[in-house]
Peer 1: 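Submitted below is the structure of interest, expressed as structure tokens.
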Amino acid sequence: MADSETIVVIGAGVIGLSTALYIQQYLSPSQSVLLVARDFPSHESINYTSPWAGAHYRPVPGSSPQALREADQAKRTYNYFKRVAADEPAAGVKLIQGIEHLEAPSAEYLDSQGMRKLHAHLDGLRYLTKDEVPAGVKWSVTYGTWVVNSPVYCAHMLRKFILKGGQMKQYTLADVREAFSVTPKVRTVVNCSGLGFEDPKSFIIRGQTCLVRNPVSATITRQNADGTWSFCIPRPLDGGTIIGGTKQPNDWDPNPSSETRARLLANASKWFPFTLESGGQFDVIRDIVGRRPARKGGMRIEVEKLADGKSIVHAYGAGGRGFEISWGVAEDTAGLMLENGLLRAQAAL
Ligand SMILES: Cc1cc2nc3c(=O)[nH]c(=O)nc-3n(C[C@H](O)[C@H](O)[C@H](O)COP(=O)(O)OP(=O)(O)OC[C@H]3O[C@@H](n4cnc5c(N)ncnc54)[C@H](O)[C@@H]3O)c2cc1C
Ligand SMILES: *[C@@H]1O[C@H](CO)[C@@H](O)[C@H](O)[C@H]1NC(C)=O
Ligand SMILES: *[C@@H]1O[C@H](CO)[C@@H](O)[C@H](O)[C@H]1NC(C)=O
Ligand SMILES: *[C@@H]1O[C@H](CO)[C@@H](O)[C@H](O)[C@H]1NC(C)=O
């Protein structure tokens with residue numbers, strides 16, 4: 001066909017996969033999608049963040065433009081993952097109880113009207129009363145949430161994408177503009193490369209966690225008085241439990257610290273209701289170190305027009321919430337493409 005066209009999506013992390021799947025719904029018959037990435041699901045690299053994620057859903061308050069945008073994207077993603085948990089058992093998504101215990105809640109958490117608005121979409125929401133919370137905890141809430149086995153979910157999305165006619169190519173791009181020539185007739189490139197190298201606003205936040213076999217029945221997040229966070233996130237489909245975790249901006253150390261592991265596990269055994277069937281011990285599967293692809297001011301979701309009708313659509317910099325906002329981000333990115341006439345206006349179905 002004379003006017004056939006390939007849309008290139010760079011990146012096979014949760015953002016690229018979600019966006020590629022979303023775009024597939026709005027292709028005209030002459031359009032197809034090619035996913036180009038250095039790393040694909042089942043490949044392990046320190047710079048491929050998605051398979052290292054916990055991952056759970058937890059609403060985060062705030063009034064900055066970034067916080068408000070993410071809260072809206074997160075809410076839409078919450079509802080989408082509820083449908084995935086119900087309809088696609090192999091996706092590695094499960095609905096479970098979420099609990100938050102904060103020792104030193106910031107002012108935003110104490111604004112009860114703001115919190116009610118932020119929490120309104122949650123199933124089974126209940127603020128815990130003083131006599132229900134552990135010692136030292138000043139603010140507590142429980143609600144129905146979901147947890148994701150992140151490597152399983154990424155592989156599942158890639159499979160769906162391929163079954164719907166998507167194409168993939170393993171390739172490391174030296175520059176985003178190279179993506180216009182990886183295959184003929186590329187007019188639109190979607191940049192879901194996670195962490196870039198040219199954007200001065202991009203930076204990493206190192207996270208170390210520990211994957212253990214011990215099961216736990218809820219995902220619990222505890223903010224410690226010193227500002228650190230402890231959490232346990234069971235991974236569906238017998239994927240073990242993630243014990244976390246650190247948040248270390250601009251720390252490029254790729255190696256796990258055994259001292260950090262010991263601290264994470266000591267806190268977890270104190271606070272989380274593990275049934276320690278293995279003699280009060282944790283059964284460690286592995287340490288995890290990942291690099292959250294953060295960006296000052298939040299994600300860049302933007303169309304950049306180039307010469308001769310070409311465009312780059314940016315969707316990178318998801319930081320520590322890539323899974324939680326993934327479907328909202330895909331929707332917003334595709335929405336921008338529709339507005340710019342880069343997709344057809346009706347869902348193909
Ligand atoms: C310890 C830890 C815990 C986390 N917990 C949670 C959680 O509970 N909830 C949550 O929502 N999020 C969590 N996150 C954050 C989440 O993992 C990230 O936000 C998310 O994975 C970012 O996805 P991405 O698709 O933007 O990037 P990535 O997964 O890093 O994917 C980037 C893609 O771009 C490709 N790419 C990059 N450069 C090039 C190039 N030059 N050429 C070709 N391809 C390229 C890569 O190969 C890869 O395919 C956690 C992260 C860590 C580290
Ligand atoms: C990860 O990315 C950094 C920064 O771009 C780079 O210096 C490093 O070599 C990469 N590591 C691997 C294992 O690819
Ligand atoms: C594509 O995204 C990366 C961030 O992942 C950024 O560094 C890079 O500048 C972007 N490419 C272009 C051509 O803008
Ligand atoms: C673990 O607990 C101690 C306090 O009991 C705290 O100082 C430390 O920072 C905690 N956090 C993590 C993430 O290990």
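Quick caveat, the model's predicted, so the values are computed rather than measured. Counting starts at 1 for both ligands and their atoms, in listed order.
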Peer 1: Hey, is Cys192 one of the residues with a heavy atom under 4.0 angstrom from ligand 1?
Peer 2: yes

Peer 1: I'd like to know if Gly320 contacts ligand 1, where contact means a heavy-atom distance under 4.0 Å to any ligand atom.
Peer 2: yes

Peer 1: Can you find an N or O of Arg292 that's nearer than 3.5 Å to an N or O of ligand 1?
Peer 2: no

Peer 1: Counting distance only, does the side-chain N/O of Thr19 pair as donor-acceptor with the main-chain N or O of Gly16 below 3.5 Å?
Peer 2: no

Peer 1: Can you find a non-hydrogen atom of Tyr316 under 4.0 Å from ligand 1?
Peer 2: no

Peer 1: Is the side chain of Gln208 donor-acceptor paired with the backbone N or O of Ser257 at a distance under 3.5 Å, no angle test?
Peer 2: yes

Peer 1: Could you list the atoms of ligand 2 found under 4.0 angstrom from a heavy atom of Asn47?
Peer 2: 1 (C), 2 (O), 3 (C), 8 (C), 10 (C), 11 (N), 12 (C), 14 (O)

Peer 1: Can an N or O of Pro51 be found at a distance shorter than 3.5 Å from an N or O of ligand 1?
Peer 2: no

Peer 1: At a 4.0 Å threshold, what atoms of ligand 1 neighbour a non-hydrogen atom of Ala12?
Peer 2: 33 (C), 48 (C), 49 (O)

Peer 1: Heavy-atom contacts with Lys270 under 4.0 Å: which atoms of ligand 4 show up? List them by number with element.
Peer 2: 5 (O)

Peer 1: Number the atoms of ligand 1 from 1 as they appear, then name those within less than 4.0 Å of a heavy atom of Ala55, with their elements.
Peer 2: 7 (C), 8 (O), 9 (N)

Peer 1: Can you measure from NE2 (His101) to CZ (Phe272) and round to the nearest 0.5 angstrom?
Peer 2: 8.5 Å

Peer 1: I'd like to know if Asp332 pairs up with Arg69 as an ion pair, taking the criterion as any Lys NZ or Arg NE/NH1/NH2 lying under 4.0 Å from an Asp or Glu carboxylate oxygen.
Peer 2: no

Peer 1: Looking only at heavy atoms, is any part of Asn47 under 4.0 Å from ligand 1, and if so is it the side chain, the backbone, or both, or is it neither?
Peer 2: backbone

Peer 1: Show which atoms of ligand 4 fall inside a sub-4.0 Å distance from at least one heavy-atom site of Asp226.
Peer 2: 6 (C), 7 (O), 8 (C), 9 (O)

Peer 1: Considering only heavy atoms of Ser50, which atoms of ligand 1 have at least one such atom less than 4.0 Å away?
Peer 2: 20 (C), 21 (O), 23 (O), 25 (O), 28 (P), 29 (O)

Peer 1: Is the backbone of Lys247 close enough, under 3.5 Å, to the side chain of Arg206 for a donor and an acceptor to pair up by distance?
Peer 2: no

Peer 1: Closer than 4.0 Å to some heavy atom of Trp229 - which atoms of ligand 4 meet that?
Peer 2: 13 (C)

Peer 1: Which of the numbered atoms in ligand 2 are under 4.0 angstrom from any heavy atom belonging to Arg291?
Peer 2: 1 (C)

Peer 1: So between Leu173, Thr219, Asp175, whose heavy atom ends up nearest atom 41 (N) of ligand 1?
Peer 2: Leu173

Peer 1: His56 heavy atoms, cut-off 4.0 Å: which ligand 1 atoms fall inside?
Peer 2: 7 (C), 8 (O), 9 (N)

Peer 1: Hey, is the main chain of Ala179 close enough, under 3.5 Å, to the side chain of Tyr171 for a donor-acceptor pair?
Peer 2: no

Peer 1: So which of Gly319, Ala318, Ser45, Gly16 gets nearest to atom 19 (O) of ligand 1, if we judge by its closest heavy atom?
Peer 2: Gly319

Peer 1: So, are Glu44 and Arg286 salt-bridged, with charged N and O less than 4.0 Å apart?
Peer 2: yes

Peer 1: Under a 4.0 angstrom heavy-atom cut-off, which atoms of ligand 1 come close to Gly194?
Peer 2: 26 (O), 27 (O)

Peer 1: Are any of the N/O atoms on Gly207, whether in the backbone or the side chain, positioned under 3.5 angstrom from an N/O atom of ligand 1?
Peer 2: no

Peer 1: Which other residues end up in the same hydrophobic cluster as Ile233, if Ile, Leu, Val, Met, Phe, Trp and Tyr are linked when side-chain heavy atoms come under 4.5 Å apart?
Peer 2: Trp52, Ile96, Val147, Leu211, Phe231, Ile242, Ile285, Ile288

Peer 1: Heavy atom under 4.0 Å from ligand 1: found in Tyr171's side chain, backbone, both, or neither?
Peer 2: backbone

Peer 1: I'd like to know if Glu324 and Arg292 make a salt bridge, using a cut-off of under 4.0 Å between side-chain N and carboxylate O.
Peer 2: no

Peer 1: Would you say the side-chain atoms of Ser4 pair up with the backbone N or O of Ser30, donor to acceptor, closer than 3.5 Å?
Peer 2: no

Peer 1: Between ligand 1 and Leu195, is the shortest N or O to N or O distance under 3.5 Å?
Peer 2: no

Peer 1: Is there a nitrogen or oxygen of Arg263 sitting under 3.5 Å from a nitrogen or oxygen of ligand 4?
Peer 2: yes

Peer 1: Quick one: do Glu103 and Arg222 make a salt bridge, cutoff under 4.0 Å?
Peer 2: yes

Peer 1: Does Glu178 reach the main-chain N or O of Ala174 with its side chain, forming a donor-acceptor pair under 3.5 Å?
Peer 2: yes

Peer 1: For residues Tyr78 and Tyr143, establish whether the separation of their ring centroids is below 6.0 Å.
Peer 2: no

Peer 1: Side chain or backbone, does Ala37 bring an N or O within less than 3.5 Å of an N or O on ligand 1?
Peer 2: no

Peer 1: Which one holds for Ala174 and ligand 1: side chain close, backbone close, both close, or neither close, with close meaning a heavy atom under 4.0 Å?
Peer 2: neither

Peer 1: Okay, side chain of Asn214, backbone of Gln281: is any donor-acceptor separation there less than 3.5 Å?
Peer 2: yes

Peer 1: Pairs of nitrogen or oxygen atoms closer than 3.5 Å, one from Asn267 and one from ligand 4: do any exist?
Peer 2: yes

Peer 1: Going by the atom numbers of ligand 1, which of them fall below 4.0 Å from some non-hydrogen atom of Gly290?
Peer 2: 53 (C)

Peer 1: Could you tell me whether the side chain of Arg291 and the main chain of Ile46 form a donor-acceptor pair under 3.5 Å?
Peer 2: no

Peer 1: When you compare ligand 1 with Trp52, is there at least one nitrogen or oxygen pair between them that comes in under 3.5 angstrom?
Peer 2: no

Peer 1: Looking only at distances, can you tell me whether any N or O atom of Gly322, backbone or side chain, sits closer than 3.5 Å to an N or O atom of ligand 1?
Peer 2: yes

Peer 1: Is Thr209 close to ligand 1, meaning an N/O of one under 3.5 Å from an N/O of the other?
Peer 2: no

Peer 1: Between ligand 1 and Gln208, is the shortest N or O to N or O distance under 3.5 Å?
Peer 2: no

Peer 1: Go through ligand 4 atom by atom and flag the ones less than 4.0 Å from a non-hydrogen atom of Asn224.
Peer 2: 10 (C), 11 (N)

Peer 1: Spell out, as yes or no, whether a donor-acceptor pair under 3.5 Å connects the side chain of Trp146 to the backbone of Ala85.
Peer 2: no

Peer 1: Is a side-chain N or O of Thr145 found less than 3.5 angstrom from the main chain of Gln97, in a donor-acceptor match?
Peer 2: no

Peer 1: To the nearest 0.5 Å, how far apart are OG1 in Thr188 and CZ in Phe180?
Peer 2: 7.0 Å

Peer 1: Supply the atom-to-atom distance Lys130 NZ to Ser140 OG, rounded to the nearest 0.5 angstrom.
Peer 2: 11.0 Å

Peer 1: Which ligand 1 atoms, with their elements, are less than 4.0 angstrom from a heavy-atom of Gly54?
Peer 2: 3 (C), 4 (C), 5 (N), 6 (C)

Peer 1: Check whether any N or O atom of Ile15, backbone or side chain, sits under 3.5 Å from an N or O atom of ligand 1, and answer yes or no.
Peer 2: yes

